[in-house]
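In what follows, a structure is listed as structure tokens, so that the remarks can point back to it.
We're numbering straight along the sequence, starting at 1. Predicted model, so just to flag it, every value in this text is computed and none were measured.
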Amino acid sequence: RILAPRSHKSPTSSCKGWHSVLHFSKQIFLFKLNCVCVLKKYKDIEGTVKIEEVNGDELVKRFAEEMEEMLGRKMKAVKRLAEAAEDADLDHEYNETLEFDYYNSMLINTVDEDGNPVPLGGEFPLEENEHFNKLPVNIQQSNIQVPTNVYNRDPDILNGVFMSEALNDVFADNFQEDPTLTWQYFGSSTGFFRLYPGIQWTPDENGVVTFDCRNRNWYIQAATSPKDVVIVVDVSGSMKGLRLTIAKHTINTILDTLGENDFVNIIAYSDYVRYVEPCFQGTLVQADLDNREHFKLLVEELHVKGEGKVKKAMKESFRILNEGSLCNQAIMLITDGAMEDFQDVFQEFNWPERRVRVFTYLIGREMTFAENVKWIACNNKGYYTHVSTLADVQENVMEYLHVLSRPMVINHDHDIIWTEAYMDSVAQSLLLMTSVAMPVFSKKRETLSHGILLGVVGTDVALRELMRLATRYKLGIHGYAYLITNNGYILSHPDLRPLYKEGKKLKPKPNYNSVDLSEVEWEDSEEKLRTAMVKGETGNLSLDVKTSVDKGRRVMFLKNDYYYTVINETPFSLGIVLSQGYGQYIFIGNVSVEEGLHDLLAPDLTIANEWTYCETDIDPAHRKLSQLQAVERYLTGKEPGLECDMQLLQQTLFDAVVTAPMEAYWNALMLNVSGMDEGIETAFLGTRSGLIRFLRYTGIEKRIGKSFLTSTDKENMFTLDHFPVWYRRAAEYPAGKFLYYMPRQDTRAQPNMCGSLEGGQGINVGRYCQKSNTVCLCVCSCFLRVSLFDYQAMCKMNSHSVSSARPLLSVCTVKSLPIQKYSQNQFSKKGDILQPCDTEYPSFVYEPSVKETNSIIKCGRCQKMFVVQQIPESNLLMLVVQADCDCSKHVQENHTMFLLLLLDPAVHNSSVKCDRMKSQKVRRRPESCHSYHAQVRISSQHDTSKNTYIHTTLLQHKYYNNKYYKNFSNVKPPLISLYFVSKEADFVVIF
């Protein structure tokens, strides 16, 4: 606590002498000695230093080439898996009675009541592995996961698992050839999932495994081309009860099969036609995660009423599809019956080309109108399914994917796809990943022309590992690298915040992987940067930006240069940002390894463990080494095989030598008790090479900032995404002045912390004061208000509310408020939920031209004067308040009023939200499209007088692969042009 003598003079007259009692002169003197120590050592070796200008165009191309090479290795591994799977299927003959035991990932290492291994279990050795998120794995072989709704001994499953055993050797060879590979897998069209390395699969709290590989984006995107889908759902009175529940589940399951390269809308019909989201009327919207989740919420609100008239709904569906793409287009009709005559609709909109496929889902056990529903699908190149229970939904919905995949499969087009960012569900971690995947086809001569999709192979790439290639030290203090997809969505960006906190648990935001570049780089108001990158162009541009630091509480004004280019063979584009000033040049020093290593191994020194000084992930023996340990072992010759960044090592050794005198100086201060002010806890220094020196002056038990400069204190350490906050802020502060900074994570737990002091060389001394009951006074005349925007906010809103606006904080709204008692969460009501929202919020920048100001606060019947004065050589203001008028009771009585004044709702109404959700930004469609093949034929014939319906593609029948084809092995496939399937699907007649 800082004390001052009592005075009967007014605050204005006494204020000017107060800053002299703050002992700043002594602290500034100590800092100057810090700087002198560093500068003196620097002068001794200045002759070895050179400064090079950073060429952003060359740097972004070099980073892109390294990423391309890394991702190319993953693609080669996937191609080897696809070839091996197709060869294994070619050599395998289907056996209806096959008996085969395999390792089921749910059952391994499990015993029954007698202590015997359960069927499909058995001993499966697992060992914790650093490379796989410290999960217990078996790197010798893969194992099998089967969803709960799929019988794990079905002949299809057993034959597929037996056939795919051949992939075990390929998995292991791939991993040996490229040790940076993570999960490799084969997802079968029958539902099983072969994963390498093998793991113990953990079910949910109900003991159910809901993971189905066929629902994953990597499977769907590899198995089909981009598609435009209109879901048409019957909400007439006959759909009440269980039928509506099944219909809703069917819609949600279809939505789960769509990705960001697809477009969708949902139409509900009864007596009239309506869009479930009126905002999307007459158009298709991108099926990104945000829109899909939005649709699911609206679907839950559907109610039944009236008579079902599907004809108008079908016409409306065709109209909006006419405005869509030239790739796959489909209408999904979900109904319990169709009585109208649709032929004229199809003749007007779809025949004879049949450009739009129509898939029909008959809901409920009633079969009265089954013939009509079948006729619709059969005559529009679609597929008919009967969904009588909730358990039927998953398998029946998946059938449409196989139909859409046939043109690609018949052509044998092995397109490689890359997915958008997603959370790793296999490892159950919150790390962002992307996957590369490739379809696997049957090469058997007798089925070659019919397009049998066996499944999809793929592997995952952790985006953090990819971004390590854009080495942090080359980008400067404020620089960074980022990746976006062909749709403009962010794969990786330091300002991407994919998680939010619900209680004590971190969860992915509903729209975590559909955050657009324009929502993070919002200063790009004309979207020139976004448009160029989405189109795959190479270039650069400059922007004046307001960037927030310290978790959005502070703002800095920067001039940024953006450089961007495409990563070949992928849908991704890479961008880097270099700030003018510190980002324009790189500082290179040169010292001997012996001298540098000696100073590098000092006990007060650390380096950025998230940076890659040496590659520790290639050799399993190196994975437990910290970066400092790896550097030491490399430089001492103990591990000469380590791959290290020699330029970064050179800079780190140089920084260690130049800053070495600080160790002796800080120790001398600690030994000289009279030389240190009480309350100083830590002295520290940082350099651009990620090196930090620090000395603790107090033990952990007495330290207020307990987490400061620890591994949990990400804001104040060098990370893969950013330099420490104190480093970034001090770098932009005028030379010769000192910056006081309050680490925020400590203030939440310890409201008695006053601040920490930074020097121009990155030297920071923490200083803490005792708890105080004083009132925080906000004086707007000293500050400039700056508007910032957050398009990734999560707002508390009532479950019945339609607004998604977050309350805004404005310190100018009131004059005083007990800060320690304020919390936004106080105002959340029962039933409030967190939802994504867009917000505008203020930040305040000190106006240096205002050296002093004063005003009066009225507190009921009395009033008090206060004076604010700038403290020289710092960013601090001294506030002096007249003490003879007690405002505390007045503030307590009007506490609610102040808080209500403090909350200023954002301007974010439903029309703004609508415009944003349906906006069609520039995007780059995938290059390949497989929507047609001549061998996929259709017949318009339909015989209602008999117990059959006609198709021209035998593959519609689910038993074709397994049971019936072998009875017609003497018939050449091209001659199989027409067949009949009974309603009960118990026999097939082929002509």
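- Judged purely by atom type and a 3.5 angstrom limit, S236 has no side-chain atom pairing as donor or acceptor with the backbone of S270.
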D392 vs Y361, side chain to side chain donor-acceptor pair (under 3.5 Å): CA-CA, chis, key distance, verdict: CA-CA 11 Å; D392 296 337; Y361 301 87; over 6 Å; no
Test side-chain contact (heavy atoms from CB on, under 4.5 Å) applied to Y185 and S435, step by step: CA-CA 11 Å; Y185 39 82; S435 293; 3.1 Å; yes
Please list every donor-acceptor pair under 3.5 Å in which a side-chain atom of residues 305-312 meets a protein atom from a residue at least two apart or in another chain.
from : atom 1 : to   : atom 2 : distance (Å)
K311 : NZ     : D344 : OD1    : 3.3
K311 : NZ     : D344 : OD2    : 3.0

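- Partners of D288 according to the salt bridge (charged side-chain N to carboxylate O under 4.0 Å, His left out) rule, which considers only residues two or more places apart in sequence or in another chain, do not exist here.
- If you check the side chains of D336 and S238, you find a donor sitting under 3.5 Å from an acceptor.
- Residues that satisfy the salt bridge (charged side-chain N to carboxylate O under 4.0 Å, His left out) test with R924, not counting sequence neighbours, are absent from this structure.
- Closest heavy-atom contact between S514 and D290: OG-CB, 3.4 Å.
- By the 4.5 Å heavy-atom criterion applied to side chains, L284 and I320 are counted as neighbours.
- A heavy-atom distance below 4.5 Å is found between the side chains of I363 and V387.
- Separating the CG atom in D413 from the OG atom in S405 is a distance of 12.0 Å, to the nearest 0.5 Å.
- Distance check, rounded to the nearest 0.5 Å: CG of L404 to CD1 of I220 gives 11.0 Å.
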Chi angles and distances behind the side-chain contact (heavy atoms from CB on, under 4.5 Å) call for Q343, W375: CA-CA 10 Å; Q343 187 162 340; W375 184 91; 4.1 Å; yes
Intermediate values then yes/no, side-chain contact (heavy atoms from CB on, under 4.5 Å), N486 and W418: CA-CA 10 Å; N486 57 300; W418 289 90; over 6 Å; no
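- Of all heavy-atom pairs between L453 and P439, the closest is CD1-CB, 4.1 Å.
- A donor-acceptor pair is defined here as one N or O able to donate and one able to accept, closer than 3.5 Å; such a pair exists between the side chain of S164 and the backbone of V161.
- Aromatic ring pairs are classed by plane angle as parallel below 30°, tilted from 30° to 60° and perpendicular above 60°; the pair F193 and W218 is tilted.
- Contacts of L390 classified as side chain to side chain contact (heavy atoms under 4.5 Å, CB included), with partners at least two apart in sequence or in another chain: T245, I246, H249.
- With values rounded to the nearest 0.5 angstrom, K535 atom NZ is found 6.5 Å from T531 atom OG1.
- With hydrogens and angles ignored, the 3.5 Å screen pairs a side-chain donor or acceptor of N350 with a backbone N or O of R355.
- When all heavy atoms of V150 and T190 are compared, the pair lying nearest together is CG1-O, 4.1 Å.
- Evaluation of the salt bridge (charged side-chain N to carboxylate O under 4.0 Å, His left out) rule for D89 yields no partner, not counting sequence neighbours.
- N252 places a side-chain heavy atom less than 4.5 Å from the side chain of E300.
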Residue pair N215, M398: steps toward the side-chain contact (heavy atoms from CB on, under 4.5 Å) verdict: CA-CA 8 Å; N215 279 341; M398 297 308 299; 3.3 Å; yes
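- K444 contributes a side-chain N or O that, together with a main-chain N or O of H92, makes up a donor-acceptor pair within less than 3.5 Å.
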Test side chain to side chain donor-acceptor pair (under 3.5 Å) applied to N487 and E260, step by step: CA-CA 7 Å; N487 292 298; E260 64 177 35; 3.1 Å; yes
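- One distance of note links NE2 of H386 with CZ of R365; it measures 8.0 Å at 0.5 Å rounding.
- Side-chain polar atoms of E420 and N217 form a donor-acceptor pair below 3.5 angstrom.
- Taking CG of L321 as the start and CZ of F349 as the end, the distance is 11.0 Å to the nearest 0.5 Å.
- Between the side chain of T434 and the backbone N or O of T419, at least one donor-acceptor pair lies under 3.5 Å.
- Between K79 and I416 the shortest side-chain heavy-atom distance falls below 4.5 Å.
- Side-chain contact between V229 and F359: absent, with no pair of heavy atoms (C-beta onward) separated by less than 4.5 Å.
- Closest approach of V440 and E86 over heavy atoms only: CG1-CG, 3.5 Å.
- In this structure, CG in L90 is found 11.0 Å from CE in M163, a value given to the nearest 0.5 Å.
- Side-chain contact between F211 and R216: present, with at least one pair of heavy atoms (C-beta onward) separated by less than 4.5 Å.
- When atom types are taken as modelled, the side chain of Y400 and the backbone of Y383 share no donor-acceptor pair closer than 3.5 angstrom.
- E293 contributes no side-chain N or O that, together with a main-chain N or O of P510, makes up a donor-acceptor pair within less than 3.5 Å.
- Here the shortest heavy-atom pairing between L167 and L81 reads CD2-O, 3.6 Å.
- Counting heavy atoms from C-beta on, the side chains of T253 and Q394 come closer than 4.5 Å.
- Contact detail for A437 and A222: the closest heavy-atom pair is CB-CB, 4.1 Å.
- Although no hydrogens or angles enter the test, the distance criterion places a donor-acceptor pair under 3.5 Å between the side chain of T257 and the main chain of I254.
- Counting only distance, with no hydrogens or angles, the side chain of D262 and the backbone of A287 share no donor-acceptor pair below 3.5 Å.
- A donor-acceptor pair is defined here as one N or O able to donate and one able to accept, closer than 3.5 Å; such a pair exists between the side chain of N265 and the backbone of F280.
- By the 30° and 60° cut-offs, the orientation of the rings of F441 relative to H414 is tilted.
- In this structure, F295 and I251 have side chains that are not in contact, with every pair of non-hydrogen atoms separated by 4.5 Å or more.
- Atom CD of E93 sits in a sparse spot, with 12 or fewer heavy atoms from other residues, nucleotides or ligands closer than 6.0 Å.
- Under 4.0 Å is where a charged nitrogen must lie from a carboxylate oxygen, and between R923 and D516 no such pair does.
- By the salt bridge (charged side-chain N to carboxylate O under 4.0 Å, His left out) test, R214 is found to be paired with D212, E395, residues two or more places apart in sequence or in another chain being considered.
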